[in-house]
Chemist: 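Right, I'll just put the structure down here and ask away after.
Note that this is a predicted model, so its numbers are computed, not measured. FYI, side chains are in, hydrogens and waters are out, and symmetry mates aren't considered; it's all heavy atoms of this structure.
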Amino acid sequence: MYKVVVCDDNKEFLKLMMMLLGKYTELYDIEIEGFATGQELMEYCSNNTVDIIYMDIEVGKDNGMSMGKMLKSANPKALIVYISAYDTYYVDMVQAEPFRFILKDASDIPKLEREIVDILDAAIRRVSPPKIWTFSFNKRKYSLELGKVQYIYSIARTIHIVGDIGDVPAYFYGKLDEIQKEIEKIDDNFARINKSYIVNMKYGIIYGKNRVKICDKILNVTRNYRETISEGFEHKNWKMVIPPR
């Protein structure tokens, strides 16, 4: 889980930032804390490891860029995203090692949300580089970012990939047993649930006792794979719901 903090003395804008980021807690596996004063932010970051910081350049009487330098001392790997209603701070910002800059403008909330999430996605990639699986098909090598794959399934010896896979072939020929071994070594969010399906549990939900729901599908978990799903729920925080009767 990634720790994200937001600091802005404008309590309404802070509330808006927290609301927009809160929509993506499960997708990006983030935990969010919000602060209205620089003192609260500094105290929290001095006692906790933080991954991403969204902060106003001027927090009350505090200079956000001066705080940024101190925050980087306490959390050297933290990425700082500065927020301001003005765009005249770039020289000083270089000294405070910013990751990105957001223009504070609540007049277009969809645009603000896109910018916040694009930066969040880029920050997560910087903090934790994507997990890549490479395979060969028709004498050509392909690299696939596993975090964008929802599930993989087989029909006979044809392997199908579902997700945001770019120019990677949607299907190729292979053995699901071999693919399972390769992928699970790279990303432990993937789970084999039956003879034909491997599911990325980042997108899946344990649906009752012996089923998994992913996208618009509800798939059975067969006996050989139930222990894996149970362990994932207990130790990897895989989501579970009780289906309606």
Side-chain angles (χ1 to χ4, degrees), residues 1-36 41 44-45 48-59 64-65 68 71-72 75 77-87 89-90 93 96-132 144-151 162-168 187 189-190 200-205 213-216 236-239:
M1 178 170 285
Y2 303 99
K3 179 74 72 173
V4 177
V5 297
V6 184
C7 183
D8 198 306
D9 61 331
N10 182 325
K11 293 185 179 180
E12 289 302 313
F13 192 80
L14 173 63
K15 184 178 177 180
L16 175 62
M17 289 285 294
M18 295 289 288
M19 184 271 290
L20 294 176
L21 283 166
K23 295 165 65 174
Y24 299 90
T25 53
E26 291 190 1
L27 180 60
Y28 286 99
D29 193 24
I30 60 174
E31 181 179 330
I32 312 166
E33 298 286 346
F35 304 100
L41 174 67
Y44 183 84
C45 292
N48 296 274
T49 299
V50 175
D51 298 297
I52 304 164
I53 303 168
Y54 291 84
M55 62 181 296
D56 196 356
I57 285 180
E58 294 179 350
V59 186
M65 286 174 289
L71 289 168
K72 291 291 285 188
N75 287 267
K77 295 182 179 180
L79 301 179
I80 299 177
V81 181
Y82 285 109
I83 307 166
S84 177
Y86 310 99
D87 58 2
Y89 292 93
Y90 290 108
M93 283 173 61
E97 300 183 61
F99 177 67
R100 289 287 194 280
F101 174 84
I102 292 176
L103 189 62
K104 185 189 289 188
D105 181 5
S107 64
D108 188 342
I109 291 178
K111 180 182 177 182
L112 177 64
E113 180 177 350
R114 287 195 300 272
E115 189 169 6
I116 289 169
V117 176
D118 286 347
I119 290 173
L120 176 64
D121 184 80
I124 295 294
R125 289 169 180 271
R126 175 75 69 85
V127 172
S128 180
K131 297 173 181 178
I132 304 297
L144 182 61
E145 187 177 327
L146 289 175
K148 294 183 177 182
V149 175
Q150 296 170 344
Y151 60 92
V162 177
D164 179 9
I165 62 175
D167 62 354
V168 171
D187 189 335
N189 272 318
F190 280 81
N200 185 351
M201 293 304 295
K202 174 182 174 182
Y203 301 99
I205 299 172
K213 184 176 183 180
I214 183 154
C215 301
D216 58 346
K236 301 178 186 178
N237 296 316
W238 289 354
K239 299 182 289 294

Chemist: So, does Asn200 use its side chain to make a donor-acceptor pair with the main chain of Val149 at under 3.5 Å?
Modeler: yes
Chemist: Distance check, rounded to the nearest 0.5 Å: Glu113 atom CD versus Leu20 atom CG?
Modeler: 5.0 Å
Chemist: Search all heavy atoms of Lys72 against all heavy atoms of Ala78 and return the closest pair with its distance.
Modeler: NZ-O, 2.7 Å
Chemist: Using side-chain heavy atoms (C-beta onward) and a distance below 4.5 Å, is Met18 in contact with Leu14?
Modeler: yes
Chemist: When rounded to the nearest 0.5 angstrom, what is the spacing between CG in Asp187 and CG in Leu146?
Modeler: 5.5 Å
Chemist: Looking only at heavy atoms, what is the nearest atom pair of Gly68 and Ile80, with distance?
Modeler: O-CD1, 3.6 Å
Chemist: Return the set of residues passing side-chain contact (heavy atoms from CB on, under 4.5 Å) with Val50 (not counting sequence neighbours), or none when no residue passes.
Modeler: Lys3, Val5, Tyr44, Cys45, Ile53, Asn75
Chemist: Is the closest side-chain heavy-atom distance between Tyr54 and Leu120 below 4.5 Å?
Modeler: yes
Chemist: Given side-chain contact (heavy atoms from CB on, under 4.5 Å), test Met55 with Tyr82 step by step and report yes or no.
Modeler: CA-CA 5 Å; Met55 62 181 296; Tyr82 285 109; 3.9 Å; yes
Chemist: Excluding sequence neighbours, so at least two apart, what forms side-chain contact (heavy atoms from CB on, under 4.5 Å) with Asp29?
Modeler: Met1
Chemist: Should Lys239 and Glu26 count as side-chain neighbours, where that means a heavy-atom distance under 4.5 Å?
Modeler: yes
Chemist: Quick check against the 3.5 Å criterion: does Lys77 have a side-chain atom that pairs as donor or acceptor with the backbone of Asp51?
Modeler: no
Chemist: Counting only heavy atoms from other residues, nucleotides and ligands, does the tally under 6.0 Å from NZ of Lys236 exceed 12?
Modeler: yes
Chemist: Heavy atoms, side chains only, cut-off 4.5 Å: are Ile52 and Ile124 in contact?
Modeler: yes
Chemist: Distance from Ile116 atom CD1 to Asp121 atom CG, nearest 0.5 Å?
Modeler: 14.0 Å
Chemist: What residue among Asp105, Ile102, Leu103 forms side chain to side chain contact (heavy atoms under 4.5 Å, CB included) with Leu112?
Modeler: Ile102
Chemist: Taking Tyr151 for the side chain and Gly163 for the main chain, is one N or O donor matched with an acceptor at less than 3.5 Å?
Modeler: no
Chemist: Give the intermediate values and the outcome of side-chain contact (heavy atoms from CB on, under 4.5 Å) for residues Ile83 and Phe13.
Modeler: CA-CA 11 Å; Ile83 307 166; Phe13 192 80; 3.8 Å; yes
Chemist: Could you go step by step and tell me if Leu21 and Tyr28 meet the side-chain contact (heavy atoms from CB on, under 4.5 Å) rule?
Modeler: CA-CA 10 Å; Leu21 283 166; Tyr28 286 99; over 6 Å; no
Chemist: State, with a plain yes or no, whether a side-chain heavy atom of Glu145 is found less than 4.5 Å away from one of Ile132.
Modeler: yes
Chemist: If the threshold is 4.0 Å, N to carboxylate O, is there a salt bridge linking Lys104 and Asp8?
Modeler: yes
